[in-house]
Student: 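Here's a structure for you.
The structure presented is a predicted model; accordingly, all values stated were derived computationally and were not measured.
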Amino acid sequence: DVLNKTSYAISENLKKGTSYYYRVRSYNSSGTSSSSNIISLMTAPNSKPVLSGIENGPIEYKMKQGKYLLTNSLLITDADDDSLGSAVIEIGENYIQGEDSLSCGQIAGIVSVWDPALGKLILSGNASVSLYQIIIRSVWYKNVSVKPSQSERTIKITYNDGIDNGNILSRKIVFSAVNSAPVLGQIEDSKLMYELTSPPLCISDSLIITDKDNVDLFGGEIKFSVNFMQNEDLLIFSNTEKIKGIYNPATGILSLEGED
């Protein structure tokens, strides 16, 4: 039987997990087809890539402390592929455009594109599993806001081998503040000249307060540093709608309270 003695090769480009049908005809010496058979072939199903090994704990992001690696322990395995096609790293929960950003290192053969509208870093290009693992481990998170939202973020990582997506790994980012102290400046250099008949004197007309990471302040203190006389010296503050002054005659300290 000629069919039993016929060999054929299967193309490596066939899609995994797909049925293919081949028609085989035999011809006699005059060129006439004497029979027709259909051969059914089922390629092996695709093995999805597997992501594992990401750290269990959240990333503790301290404000204004630069950028943070998402993971340095993530592993990628794929039982039937040596090269892979793409990966997506997404800020999936509480993403804030204009604050949150992702970036990564550069590896030949892999293109990275940051989509600020969707909060996604897209990696693409036919490269080895090990190279994709390296570049995903190089992904950084950074918050560019001076006063970022304190909402917890969730990072999601997915990977595709050209046919199927693998499992999704996630890691949270929690925020802890590193406060910058307010700065006082531009107070007058000259001394206050007080006479016995003088009305109360304004301590400063030019003082300026700056704070890099706070719009509002919550309190302040004015006090006599030297030669305070309890029965003579007094500090007075006219309360506002949001700020109240409390003077302690025993210590000579005027405390300001309230958010503004």
Side-chain angles (χ1 to χ4, degrees), residues 55-70 91-103 116-117 119 139-155 170-260:
E55 294 84 347
N56 291 324
I59 297 169
E60 296 183 5
Y61 187 90
K62 296 181 179 180
M63 298 180 195
K64 298 176 293 182
Q65 298 298 298
K67 54 187 180 180
Y68 284 71
L69 275 175
L70 296 185
I91 306 174
E93 185 176 325
N94 297 322
Y95 168 65
I96 299 178
Q97 185 174 352
E99 283 194 16
D100 304 315
S101 65
L102 298 174
S103 60
V139 175
W140 299 87
Y141 168 82
K142 184 176 182 179
N143 194 300
V144 298
S145 174
V146 175
K147 191 175 182 181
S149 166
Q150 299 290 293
S151 299
E152 187 178 87
R153 315 293 202 270
T154 300
I155 304 294
S170 63
R171 193 175 186 196
K172 293 187 179 297
I173 300 176
V174 296
F175 289 78
S176 60
V178 176
N179 186 57
S180 295
V183 177
L184 306 181
Q186 298 189 24
I187 196 169
E188 295 86 346
D189 294 328
S190 59
K191 297 179 181 180
L192 284 174
M193 301 303 295
Y194 184 83
E195 298 180 359
L196 293 179
T197 58
S198 296
L201 297 179
C202 179
I203 292 176
S204 176
D205 289 316
S206 63
L207 181 138
I208 293 177
I209 304 174
T210 59
D211 196 314
K212 293 191 299 183
D213 55 3
N214 288 286
V215 177
D216 295 334
L217 298 179
F218 296 86
E221 187 177 272
I222 301 96
K223 66 180 179 180
F224 296 95
S225 58
V226 294
N227 298 325
F228 167 62
M229 303 296 292
Q230 181 176 347
N231 297 324
E232 295 183 11
D233 302 320
L234 176 66
L235 295 174
I236 302 170
F237 176 77
S238 297
N239 293 340
T240 69
E241 183 179 347
K242 296 182 178 180
I243 303 174
K244 179 175 67 174
I246 302 174
Y247 179 68
N248 186 335
T251 61
I253 296 176
L254 174 64
S255 298
L256 304 179
E257 299 178 352
E259 180 181 357
D260 199 4

Student: Check the pair Leu235 / Ile203 against side chain to side chain contact (heavy atoms under 4.5 Å, CB included), numbers first and verdict last.
Tutor: CA-CA 9 Å; Leu235 295 174; Ile203 292 176; 3.9 Å; yes
Student: Just checking, is any N or O donor in the side chain of Glu188 or Ser206 under 3.5 Å from an acceptor N or O on the other one?
Tutor: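 The criterion, which ignores hydrogens and geometry beyond distance, is satisfied for Ser206 and Glu188.
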Student: Ignoring hydrogens and angles, tell me if any N or O in the side chain of Arg171 forms a donor-acceptor pair with the backbone of Gly57 under 3.5 Å.
Tutor: yes
Student: Do the side chains of Ile155 and Ile91 get nearer than 4.5 Å, heavy atoms only?
Tutor: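 Side-chain contact under 4.5 Å: yes.
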Student: Identify the heavy atoms of Leu70 and Tyr141 that sit nearest to each other, and give their distance.
Tutor: CD2-CB, 3.7 Å
Student: Check whether more than 12 heavy atoms from other residues, nucleotides or ligands sit under 6.0 Å from atom CD of Glu221, and answer yes or no.
Tutor: yes
Student: Kindly give the heavy-atom pair with the smallest separation between Asp233 and Tyr247, and that separation in Å.
Tutor: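 Looking at all heavy atoms of both residues, the shortest contact is O-OH, 3.3 Å.
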Student: Counting C-beta onward and ignoring hydrogens, is there a side-chain heavy-atom pair between Trp140 and Leu102 closer than 4.5 Å?
Tutor: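 Sidechains of Leu102 and Trp140: no contact.
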Student: Does Glu152 offer a backbone N or O that forms a donor-acceptor pair with the side chain of Asn94 under 3.5 Å?
Tutor: yes
Student: So, do Ile246 and Glu257 sit near enough that their side-chain heavy atoms are less than 4.5 Å apart?
Tutor: yes
Student: If you apply the rule side chain to side chain contact (heavy atoms under 4.5 Å, CB included), what do you find for Glu60 with Tyr68, and how did you get there?
Tutor: CA-CA 9 Å; Glu60 296 183 5; Tyr68 284 71; over 6 Å; no
Student: Over all heavy atoms of both residues, which pair between Ile187 and Ser204 is shortest? Give the atoms and the distance, please.
Tutor: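 That closest heavy-atom pairing would be CG1-OG, 3.6 Å.
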Student: So does Lys244 have more than 12 non-hydrogen atoms from other groups sitting under 6.0 Å from NZ?
Tutor: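 Not buried by this count: 12 neighbours or fewer within 6.0 Å.
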Student: Provide the closest heavy-atom pair for Val144 versus Gly98 in the form atom of the first, atom of the second, distance.
Tutor: CG2-O, 3.2 Å
